[in-house]
Amino acid sequence: MEVSEVSDVMQATPPVPRQSKPHSMRTAVSTCAFRPVACAVVLALGGAGVAGCTASAEDVRAPQDQLFFPTGIAATSDERSLFVVNANSELRYDSGSVAVVDVGVVQNVIASWLDHPEQDQTGCSRDPDHSETLICEEAQFFRKDAAVRVGNFATDLAVQDFSATGGITRVFVPTRGDPSITWADFFNGSLHCTVGTDSYSLCDDSHRLTSVQNNPDLTAVPSEPFGVFADATNGFAMVTHLSTGAVTLIRAPSESSRVTVVDVIGGVFAGDPTTGLRGASGIAGRQPNAKGDMVYVSSSTERRIQTFTVGELDVGGGVKAASYLLPGDFFFLDTVGNNSGDSSNSRGIQFSPSGDRLYITNRAPPMLQIYDTSLSPSGVPRNETIGASDICREASTVAVLDAGDGERAYVTCFQDGQVYVVDPTGQSRVEDIITVGRGPYASATITGKNGPGRKLLFVSNFLEDTIAVIDVTPGSARRNRVVLRIGTPRAP
Amino acid sequence: MKRVWLLAALGAASGSGCGDPATTGGTPLNLDRPIDVSFACFGAMRLTKGHPGAGVADDEVLDATAQPTAACAALSPALNADDKAPIKGQETLSDGRALKPAWYAFILQSSSGTVALATWNAQPAEAMVTGVSDAGGDVRVLDGDALTPGKNAISVGEDPIGIATDKAGCFEVTANAGSCDLSALEINSVLDDINAAAGKVTTPARVDRKPVTNALGGVMLARPAAMVGEPTSAPVGFACPATPTGRVYVAYPSCHLVAGIDTATGKIVSGIRYDAAGVPSILSGAALDGVTCPDECTNAAGGLANGPITPGVRPVALDLRFDSRVDSSKAAATSRLAIGAVDSVSPANGAAAPLTVVDLDPDTAAPTAVSQISLEDATAQAGMRAKLGVTSVSLSPQIGMGGNAGVTPVDDEHAPAGQGQYIYAVATDGTVRVADVLSLRRECDTQVDGRFLRDITDPTAVQCLAPRDPARPRRSGAKGPGIELPFGALPTSVAIFKGRTAPLKDSAGSVVLAAPTTLLGYFAMVMASSGLGYVVNIDDDYSDDVFSSSTDKLQNTTPVRVIAHQLRDGFFSRSASLQSTTDATKVCGSTDPLSSVGGALAGGPRLLGPPSVTAPASSINLASVLPLPTIQQVACTLDVKAESPDPTPVSELAFAAPPDVRDQAYPDLGSVFTETWSATWEGVLSRDSIGVSVDGPAIRVGQLVVDGFGMRLTDPSRPFCDIGAEPFDIVDLRGCSPANGDGDCPAGYTCYVHPKSVGVGVGACMLKSEAPRLADACFSFLTTFRRYTVGTTEDGQLRLLERKHVLETTPIDGCVDDATNQCDLLAQDAAKIDISADPFNARTHWSCQADPLRADPTRKRCIQVCSTDQARPLDCAVGTTCQLLTPGGTEGVCMEGVEPPQACINGPQRYDVRASEAFTVIGTRSGYVHPIIKDPASSSCIRDPNVKDANSVQTGRIPLKVPACNPAANPITGQLPGGGFEPNPCAPPAGVPQFDFSPASTATACAAVPTPRSTPASRTAQAIKFRNRAMAITLVDPYQSCMPGGQGVATNVPLLNRGYQIEFQQKAGYTPVVLPVGEVVYPIKVVRGPTESIWVVDDGDLISTSISQASTLGRVFRVEGIDISVFNVIQ
């Protein structure tokens, strides 16, 4: 990278105050450096509140059994637990959180509901507008003591699963409020991100990555961390940054004490011609947990997909660890749309499990693009367009699942409150449009591989504090319908 | 509460980035994601009830009724208004009132489950003008609900996927994937009360939902994927029936069935079903009566029944063609159904069977025969599910092929190239496959290398070229036999249509030159994912039928322009040349034909200007060296303005070169792009920059490993086979630029420049804490050029070898020995002409030695040697280091890169890979073309065994030492009379004539620096002939027989510095015609409409960023088949 780009990163990232615990106001102030308009309102309201009375710490403590602006969502590899990030975007509480949903409870409630819809379900009621949907209070699905608290404005969540080698599971959460990247280990059924044993604790500084090598004298984590991807076999996580076009590399071996930011490349993408902001947005590994995996990064400001691999160095004892990013090939989204094949403003990207197909959500024009990423005779991914489908405006993320009758892509439509189901067969086509609630943002799939349960899609509804659970089981009469809504929708 | 919501909204925008801003622009217009369109005729009609002849006074007249489209078609002929005449019985009434039914389009909108309406007058295509609906165009959007503001569409069903007009023209039938049934929209209920002035429907439309059933009454709840209907062939003059008539064919992928459904009852009355082996058969008897499918929509009980969905052939695309033409070549009207499928079962290795043709009874549309057409699929294995599928099909009528408007009649009966009927199929390999379904009944290869079609004189032979014909090899780099769209765009849909039926003529009755957008004959319109539409020539009756070697036709009849199934070329008068121009202003520097024959958009491929030669910065003393390598020049004697010397040297690729010379240089227009080519001595194998992505970034980043196995460059992205790296190539480690501070290095690293590094100019990324400590240990590494020879190549790893410093003017045949001091003499001469060369002095010495680390090690090279012997010290050049031959010795060799300790190279390594001792030929669009692939059995990079013979053009290197050309070889193809091909590249044994200012090379010329001539003349020059996909060029003076002005001791000396580059901008490449309708976002379907119009259905959202442009949720374009530059936008 050019030095000026690195300088941009440094200039755009003010020194981060080092405090043992983030406080809501500190977070708000920190955020204001980047969101002056939003924060003017927040501060004004906050100021008014302070003038009237002061809420106690307990009053503003983030609840353990509620959803509050859920964003990132992901399941453990055994599909028994589901992590949900609460972004606390209203700043009602002192922090966000990562909650843990018991998937078994969800499966049981759904099975009971679908098998005996006439029976009352405790804490649940039939959706008056959608008879196939059961609405349940969220508390019964959470493992309260399993959660941890994180910074505000968390955007995404990635799971790093070392269970194949007998290790723990770890989650990474980018939080835009600090900005930082928080990580927590998941073992014994709970998340842990502090030295002590307190439950529902706020992640401590050692679990909050704010600068390279956790050294404030080195490069700070750029502002607006956005998307995150984690790989256990290769021992790293990567984070994109929405306003600087930067990509951050985190060394993340199974040994938790070694988790640290090791590299930041700024200005990977060209800037928006109007705002000048450079946006790195979606991120996905072609074959996660395969040796030497190639990671693809999309941009909200440039019509380009950039690939990265990770350089490893011997860190002692013959052990190699992720050490720096190696930018690789790139390609332009120039085959779909707008009379010249000009697609831009990419958001979520996702690969099929084989790594042979890449799904890219674009906003201009609103399309789901599908790329052939299988290996060519020369041994590199082809990166050729094989299909596209017109989708909703303002799409956010995409999840991919083969529930048994072929792969499907599930695109969340933030603005329309829908999930588009795209069948990639042939040149792809929109197979279904599911109304899921207000502000669907991220989604996670459950294949039911560990039990007789249904194949499910969980969608976090950011604007109504719920999670929509969609039955995607082939042959189900309620396929592609929301069968359960976790949480009562918050009034707009 | 509102404040809370505001915060939430802000949170949405700022907190998660879910709704960032973005665009301005107007309001979306009337349409909402259209996916299909059908057509109907509506207006006044005499109820003749079938009586023959003209209408009579007693005929009741319905003022407003739906009627067969034939009534409107008669009033809207393709060409001139003189042909406009009402159908028999529908003449003007006795009171002088003309019956003026109009056309209506029913535009299906899937996501809303509605049908939008548009209308236009029944008029000849020639009368249509370009415009926008409701803003001056011919087409007007109607409002389907007068009681609701705006222009509304009519609800018809859930997730409809196709729409068709019934046989009587009275109903629109949709197949609904959301409810697995049909809907029938009664046209009269929609239009009979339409307020013509306001364009609004004022009473509710009638929509009948029809469950699909088998003969036994069982309800079919499978999801349809495609639907076609019978043509509206009922006679005009009857009142509309109460129910739809005729049948539609509906594809049910999950049921492996295409069902013929009676639109009146919804009952399945015919069917074509694929068995488990993928073989289609016509259902009959009990199999038809009891046909069932797995439920995909819930049944009345709220469940799913009829078993799970099973694997099998999935029909997803349909087209039906009723061909009424009856003449001497066709005894009866025919009707055929084409089916495109995915997941077909391969009938043989290398073949898929995704196409099925069903013969239908022309009257009843009942299937009478079924057959499959195989398509080439290299991955297919017999009996297994094929990867290749088809997602859109279009079936042509029987076409009389061939003919030329200037020579012969162009109707279907006069067919000098025989009769043909073709399926065009959009395939999942990103191409459009073509098959003849009339007589040959096989796939046609559309990618045959044009160089091998020039000998065909029978036009019949080029209408459907056989795939895998050894005599007609496929174009190098082609994906397969299908039509490929430019720039990697995917075809999305295809429709075959007819253009003009008569050529444009001048007042004297002579055929006039038509624009490429003016179409005469039969064509296909292929819409692309990029939003562009491409025209394919099926039977272009403006053009010749075969290649002509006549000088005035060479490029005009180049195969891609005259044979069937090729993207239509967008250029005029390809054969225009300076020689054929009569204009008095022509000069030898011309780059374009005159505007009278098309100007810049005419003529064959050529150069935009003379090739430019770039020597590395001030490295070659041009005054001392003539001539340097360049592209062959010929004499131009046509300069009437005397602006240039007469004759003038021009490149063999220039417009002013004789047509036959340029034709040999560009033997296959179909492979020529408009792009810039460069041939760079020891150039980088990739040239992508931040704005271009063709063949990978020129500078990459990897890691170095040094261990007991040597030194290796690894790159986890595994690019090395893909970029075409070969053994003995050069790897340059680019280090980091100190000008960028530490910006080239990872966090925690610094760009360290050794204080004693001179002339290298780059640093190395090293840990900040370690750099000073390693300065000594890494001295040699840090102070050399860090240039290495590639030992072995694997996809993710190159073995690097230390590289000796070799004199660039080492003779291409190798030096002889040190006895004559040959190398030192050469170095001495080199210093005179190469001002950047290593200085030659008493402390330098070049020795003639074998170098096993270079290709062809038997050729000795002049290698710089060094010595630490104080009695006779010898230094190395800047950027190299002296490596002693033996530990403790004093004699050594100068190295351009050495193997460092691992500690020196722990940082990421920026590198490039270059060809060694060769020109690298790269096009800005073609990239670096090479034959290297990864060995499927290992990770090694190997030469693709399939790249040989005709495909030897898949190369991008020009070494100086090449085999001799064979004078007997075909100059176009390189084919030898006895079989095989001459080498590529190769050296003409007797040299080539070169027309320039350089003096002829003679023995005496070696003694002194040659003096350029004042007037150009022809001389014989050393040359290398090089062919790639796009061109065949001759590189002249690649080396000199002696060092000009030197000491006459060497032969065949290259006067090349690394980076020496010849570059030329090639223009007028193959430029397919693009549908000029403006901004199409995502054309999901193209439909053949009335009067052979083409309807492009664009379901993509146009996100406007301009206040003057409205955002849309899709649009529909009507394009005139006779002239695609005329179109209407419906929005």
Side-chain angles (χ1 to χ4, degrees), chain A residues 1-3 6 35 38 41 45 69 71 87 89-90 153 155 212-213 218-219 226 242 263-264 292 294 307 309 311 313 324 326-332 335-341 364-366 377-380 384-385 388 390 393-394 396 405 414 425-427 439 441 462-463 475 477 492, chain B residues 3 5-8 10-12 14-19 33 111 298 302-304 308-309 316 342 389 391 428 430 487-490 492 529-532 693 696-697 701-703 716-719 721-722 740-741 743-744 746-748 795 906 908 932-934 1079-1082 1099-1101 1103:
Chain A
M1 294 299 106
E2 300 299 320
V3 75
V6 175
R35 299 279 178 190
V41 178
L45 292 169
F69 293 94
T71 52
S89 297
E90 201 179 28
F153 300 115
T155 55
V212 171
Q213 294 170 14
L218 296 179
T219 308
F226 187 71
L242 198 57
D263 195 9
V264 177
M294 189 178 290
T307 67
T309 51
L313 287 181
Y324 39 72
L326 300 174
D329 279 334
F330 53 82
F331 59 93
F332 292 95
T335 55
V336 174
N338 282 357
N339 218 24
S340 58
S378 57
V380 299
E384 295 173 352
T385 318
D390 179 60
R393 297 188 179 190
E394 304 292 313
S396 300
D405 63 346
F414 189 87
T425 310
Q427 292 182 348
Y441 182 64
F462 178 82
L463 292 179
Chain B
R3 279 180 294 178
W5 165 239
L6 173 60
L7 283 171
L10 288 169
S14 62
S16 75
C18 307
R33 298 189 192 176
S111 57
T298 50
L304 302 177
I309 295 169
V316 295
V342 296
T391 57
T428 52
F487 300 107
L490 286 178
T492 59
S529 58
S530 58
L532 299 176
S693 170
V701 190
Q703 287 186 281
S717 64
R718 302 182 173 274
C721 302
D722 191 57
N740 294 336
D744 288 348
D795 60 342
N906 278 335
I932 305 301
I933 61 170
K934 179 187 173 189
E1079 198 165 20
V1080 180
V1081 179
Y1082 194 75
D1099 81 335
D1101 289 13
I1103 309 290

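It should be emphasised that the depicted structure is a prediction, and the values quoted were computed from it without experimental measurement. Letters A, B, ... are given to chains in the order of the sequence lines, protein chains preceding strands, and every chain is numbered from 1.
Every side chain to side chain contact (heavy atoms under 4.5 Å, CB included) that B:Asp795 has, sequence neighbours left out, goes to B:Arg718, B:Cys721, B:Lys934, B:Ser939. When the salt bridge (Lys or Arg N to Asp or Glu O under 4.0 Å) test is applied to A:Asp329, the partners found at least two apart in sequence or on another chain are B:Arg700.
Contact annotation for B:Thr391: only side-chain heavy atoms (C-beta onward) come within less than 4.5 Å of a heavy atom of chain A. Within the 4.5 angstrom heavy-atom criterion, no atom of B:Val316 approaches chain A.
Note: A:Gly311 leads A:Gly311, A:Gly328, A:Ala364 in heavy-atom pairs under 4.5 Å with chain B. Heavy-atom pairs under 4.5 Å with chain A peak, among B:Pro697, B:Pro716, B:Gly531, at B:Pro716.
Looking at every heavy atom in both residues, A:Asp390 comes nearest to B:Asp1099 through OD2-O, 3.0 Å. Listed here is the closest heavy atom pair of A:Thr309 and B:Ser717: CG2-N, 3.7 Å. Listed here is the closest heavy atom pair of B:Gly302 and A:Ala477: O-CB, 3.3 Å. Across all non-hydrogen atoms, the minimal contact from B:Asp1101 to A:Pro366 is CB-CD, 3.5 Å. Scanning all heavy atoms of the two residues, the minimum distance from A:Pro365 to B:Val1081 falls at CB-CG1, 3.5 Å.
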Check: Would A:Gln427 and B:Thr428 count as a side-chain contact (heavy atoms from CB on, under 4.5 Å) if you check the C-alpha gap in whole Å, the side-chain angles of each, and the deciding distance to 0.1 Å?
Finding: CA-CA 7 Å; A:Gln427 292 182 348; B:Thr428 52; 5.7 Å; no

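Test A:Val336, A:Thr385, A:Thr335 against B:Leu490 for side chain to side chain contact (heavy atoms under 4.5 Å, CB included) and you get one pass: A:Thr385.
When side chains are defined from C-beta on, B:Pro908 counts as touching A:Leu326, because their heavy atoms get closer than 4.5 Å.
To the nearest 0.5 Å, atom CG of residue A:Asp405 and atom CD1 of residue B:Ile309 are 6.0 Å apart. Within the model, atoms CZ of A:Phe331 and OG of B:Ser693 stand 8.5 Å from one another, a figure rounded to the nearest 0.5 Å.
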